[in-house]
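Quick note: residue numbers are just sequence positions, from 1. In listed order, ligands and their atoms are each counted from 1.
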Amino acid sequence: MTHPADPGCIFCKIVAGQVPSRKVHEDDQLLAFHDIAPWAPVHFLIIPKAHIPTLYDASDESHQALLGRMLWLAPRLALQLGVTNGFRTVINTGPDGHQEVGHLHVHVMGGPRPWARG
Ligand code: AMP
């Protein structure tokens with residue numbers, strides 16, 4: 001299932017290059033960039049380029065593969081950024097999950113503690 005870019009979505013704007021980001025990784029399906037308000041010394045987000053709003057909207061087999069790749073990528077990018085002592089991965093979903101940006105994303109947080117939050 002394809003999801004057209006949402007012109008009102010900040011992460012779609014980052015994918016389109018209309019809003020700047022500090023990129024960590026880019027391939028044909030995924031983008032990773034540093035969180036603008038980090039909770040930890042290293043805090044980046046991995047997003048699908050396609051506008052999948054939440055985990056509830058991950059539907060078909062291509063989305064299953066995409067979700068797998070997002071988690072597969074997390075430790076690799078963490079290591080590239082010097083995070084060798086572990087990290088947290090968080091996916092917030094919907095209002096009760098405190099999801100603020102309606103474009104699926106995995107938070108990856110690491111680095112020496114104490115952290116600002118989390
Ligand atoms: P969530 O509550 O899981 O939806 O988290 C959304 C995250 O996106 C927050 O940690 C924000 O700091 C982050 N964020 C929002 N806008 C931007 C942006 N333009 N560039 C980087 N990170 C952003």
Table of N or O contacts for ligand 1, cutoff 3.5 Å:
{"unit_1": "ligand 1", "atom_1": "2 (O)", "unit_2": "H98", "atom_2": "O", "d": "3.1"}
{"unit_1": "ligand 1", "atom_1": "2 (O)", "unit_2": "E100", "atom_2": "N", "d": "3.2"}
{"unit_1": "ligand 1", "atom_1": "3 (O)", "unit_2": "N92", "atom_2": "ND2", "d": "2.9"}
{"unit_1": "ligand 1", "atom_1": "3 (O)", "unit_2": "H105", "atom_2": "NE2", "d": "2.7"}
{"unit_1": "ligand 1", "atom_1": "3 (O)", "unit_2": "H107", "atom_2": "NE2", "d": "2.8"}
{"unit_1": "ligand 1", "atom_1": "4 (O)", "unit_2": "E100", "atom_2": "N", "d": "2.7"}
{"unit_1": "ligand 1", "atom_1": "4 (O)", "unit_2": "V101", "atom_2": "N", "d": "2.9"}
{"unit_1": "ligand 1", "atom_1": "4 (O)", "unit_2": "H105", "atom_2": "NE2", "d": "3.0"}
{"unit_1": "ligand 1", "atom_1": "5 (O)", "unit_2": "H105", "atom_2": "NE2", "d": "3.3"}
{"unit_1": "ligand 1", "atom_1": "5 (O)", "unit_2": "H107", "atom_2": "NE2", "d": "3.3"}
{"unit_1": "ligand 1", "atom_1": "10 (O)", "unit_2": "D35", "atom_2": "OD1", "d": "3.2"}
{"unit_1": "ligand 1", "atom_1": "10 (O)", "unit_2": "D35", "atom_2": "OD2", "d": "2.6"}
{"unit_1": "ligand 1", "atom_1": "12 (O)", "unit_2": "D35", "atom_2": "OD1", "d": "2.5"}
{"unit_1": "ligand 1", "atom_1": "22 (N)", "unit_2": "I36", "atom_2": "N", "d": "3.1"}

Tested for side chain to side chain contact (heavy atoms under 4.5 Å, CB included) against V24, the lone hit among V108, L77, V42 is L77

Side chain to side chain contact (heavy atoms under 4.5 Å, CB included) assessment of N92 paired with V90: CA-CA 6 Å; N92 296 323; V90 173; 3.4 Å; yes

If you group Ile, Leu, Val, Met, Phe, Trp and Tyr whenever their side-chain heavy atoms sit less than 4.5 Å apart, what else falls in with V15? I10, F11, I14, V19, L31, F33, L45, I47, V101

Do H43 and H107 pass the ring-ring contact (aromatic ring centres under 6.0 Å, His included) test, and can you show the C-alpha distance, the side-chain angles, and the key distance before you say yes or no? CA-CA 7 Å; H43 182 175; H107 294 258; 5.1 Å; yes

Identify, with sequence neighbours excluded, every residue that meets side-chain hydrogen bond (donor to acceptor under 3.5 Å, both in side chains) alongside D27. H25, R69

Quick one: list whatever passes side chain to side chain contact (heavy atoms under 4.5 Å, CB included) with P41, sequence neighbours left out. P112, W115

